[in-house]
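Lettering of chains follows the sequences in order, A, B, ..., and the numbering in each one begins at 1.
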Amino acid sequence: MQFSASKPYQHPQSAEEAVQLQQQLREQISLSPLTAPVRYLAGADISFNLYEDTVYAGIVVLELPGLTPVVHALAQCVAGFPYVPGLLSFREIPSLLQAWELLPLKPDALVVDGHGIAHPRRMGIASHFGLVTGCPSMGCAKKKLAGRYEEPALEKGSISPLLHKKEVIGWAFRSKTGTKPVFISLGNGMSGEDALSLTRRSLGKYRIPEPTRQAHLLVNRFRRGEVPAGVHWYVRPPHTPSPTEK
DNA sequence: GCGACAG
DNA sequence: ATCTTGTCGC
């Protein structure tokens, strides 16, 4: 992955405190372009049972250009914050961080299920998680949280800017012809061109781009007990020479 | 005051 | 977010 210091995650004890943290964190965001090509692109998502506070988090690393799964990490923990629109990251990041720390291969960029700067205070979960991990990040959400937009053309690949307070905070992106658009926004450590390019390279046969779609399918299987917690390689792990065989 | 409101 | 079968439309 690239150079970018990871910031420690701070957990708020109230909604007011959470908002203050976000206002402080937004100043640390960088929207400068990626400085290295993206070979490994990851998708992150969480799942849980309604009325329960156990969170099932997962991160899948795909290799471009084929979007081939390489490795994934799954972690389970208890939610330490309620779901409040605008404060989603405080509910999901602790669990995602556990999965992140388990990952033996850090991706070159990360796509989080949710918004990045397309947020009332420009601090959605994609931006927050990008800062905490030090990994370039972007958000891919199914519904908008803030801003207004014009419907993009019906053809796959069409985009329309998402505007909030006279600023472009993201794009309504037609990921599949004739279906509702998804919302793409910057997280941290990349430019708008980077995010749109990565999204185009992540499109498969479905509305949801592969990184996030794969992560979603994975965490649901995890929640149902169909796959175990921990790390799983889809291909042979990279060979690590032992001291004796140098 | 009213509508909107990621996962 | 999750619970669920069939059904309508390109």
Side-chain angles (χ1 to χ4, degrees), chain A residues 12 15 18-19 21-22 25-26 29 43-59 74-97 99 110-132 137-149 151 153-156 158 162-165 169-188 195 199 205-209 211-226:
Chain A
V19 170
L21 264 173
Q22 290 183 324
L25 286 166
R26 71 181 292 180
I29 287 184
D45 193 17
I46 66 104
S47 178
F48 59 81
N49 290 309
L50 195 55
Y51 307 131
E52 289 182 14
D53 55 2
T54 296
V55 175
Y56 302 83
I59 299 178
L74 297 167
Q76 170 184 341
C77 69
V78 177
F81 204 85
Y83 169 66
V84 178
L87 302 180
L88 175 68
S89 65
F90 300 105
R91 177 177 176 74
E92 304 194 352
I93 284 186
S95 60
L96 285 177
L97 212 41
L110 190 54
V111 184
V112 181
D113 188 342
H115 295 284
I117 63 172
H119 177 282
R121 292 170 295 280
R122 308 292 182 267
M123 192 42 64
I125 187 171
S127 296
H128 196 168
F129 195 51
L131 283 173
V132 167
S137 65
M138 58 176 275
C140 178
K142 296 177 287 299
K143 298 188 292 188
K144 82 174 181 75
L145 172 63
R148 296 166 45 104
Y149 69 100
E151 204 62 32
L154 295 176
E155 297 69 46
K156 177 177 183 175
S158 300
L162 218 203
L163 305 169
H164 183 63
K165 295 183 176 180
I169 59 175
W171 298 267
F173 191 116
R174 194 78 70 181
S175 49
K176 179 179 178 179
T177 299
T179 64
K180 296 190 304 179
V182 292
F183 300 87
I184 300 301
S185 61
L186 300 179
N188 181 51
T199 300
K205 316 176 172 181
Y206 309 91
R207 179 171 84 111
I208 307 303
T212 284
R213 196 180 85 87
Q214 290 302 325
H216 186 74
L217 293 172
L218 179 65
V219 294
N220 275 327
R221 283 188 291 154
F222 177 36
R223 173 174 54 80
R224 299 180 200 124
E226 298 168 12

Over all strands shown, is [X] touching base, sugar-phosphate only, or nothing at heavy-atom distances under 4.0 angstrom?
{"X": "A:Gly124", "result": "base"}
{"X": "A:Asn49", "result": "nothing"}
{"X": "A:His216", "result": "sugar-phosphate"}
{"X": "A:Leu87", "result": "base"}
{"X": "A:Gly86", "result": "base"}
{"X": "A:Ser47", "result": "sugar-phosphate"}
{"X": "A:Ile125", "result": "base"}

Could you state the atom-to-atom distance from [atom1] of [X] to [atom2] of [N] in whole Å?
{"X": "A:Arg91", "N": "B:dA6", "atom1": "CZ", "atom2": "P", "answer": "14 Å"}
{"X": "A:Ile93", "N": "B:dA6", "atom1": "CD1", "atom2": "P", "answer": "17 Å"}
{"X": "A:Leu145", "N": "B:dG3", "atom1": "CG", "atom2": "C1'", "answer": "14 Å"}
{"X": "A:Leu96", "N": "B:dA6", "atom1": "CG", "atom2": "C1'", "answer": "13 Å"}
{"X": "A:Ile184", "N": "B:dA6", "atom1": "CD1", "atom2": "C1'", "answer": "13 Å"}
{"X": "A:Arg207", "N": "C:dG9", "atom1": "CZ", "atom2": "P", "answer": "20 Å"}
{"X": "A:Tyr83", "N": "B:dG7", "atom1": "OH", "atom2": "P", "answer": "7 Å"}
{"X": "A:Glu52", "N": "C:dA1", "atom1": "CD", "atom2": "C1'", "answer": "12 Å"}

With A:Met123, which of A:Ile117, A:Ile29, A:Val19, A:Leu21 fulfils side-chain contact (heavy atoms from CB on, under 4.5 Å)? A:Ile29
Single hit among A:Val111, A:Asp113, A:Thr212, A:Leu217 for side-chain contact (heavy atoms from CB on, under 4.5 Å) with A:Asp45: A:Asp113
Which word best sums up how the rings of A:Phe90 and A:Phe81 line up, parallel for under 30°, tilted for 30 to 60°, or perpendicular for over 60°? tilted
Hey, can you tell me if A:Tyr56 and A:Phe222 have their rings parallel, tilted or perpendicular (30° and 60° cut-offs)? perpendicular
Counting side-chain heavy atoms from CB outward, which of B:dG7, B:dA6, C:dT2 is closest to A:Asn220? C:dT2
For A:Glu151 and A:Arg174, what are the C-alpha separation, side-chain angles and deciding distance, and is it a side-chain contact (heavy atoms from CB on, under 4.5 Å)? CA-CA 9 Å; A:Glu151 204 62 32; A:Arg174 194 78 70 181; 3.5 Å; yes
For C:dC3, does OP1 or OP2 lie under 4.0 Å from any side-chain N or O of A:Arg223? yes
Under 4.0 Å between a side-chain N/O of A:Lys142 and OP1 or OP2 of B:dG7, yes or no? yes
Answer whether the closest heavy-atom distance between the side chains of A:Val182 and A:Lys176 falls below 4.5 Å. no
Does the A:His115 side chain pair with the main chain of A:Lys143, one donor and one acceptor, at a distance under 3.5 Å? yes
Using the six-membered base ring of C:dA1, report whether A:Phe48 stacks on it, requiring centroids under 5.5 Å and planes under 30° apart. no
Go ahead and write out DNA chain B as dot-bracket, 5' to 3': ( ) for pairs within the strand, [ ] for ones crossing earlier pairs, | when the partner sits on another strand, dots for unpaired; Watson-Crick or G-U wobble, both distances under 3.5 Å. .......
Looking only at side-chain N and O atoms, does A:Thr179 offer a donor or acceptor that is under 3.5 Å from a partner on A:Arg207? no
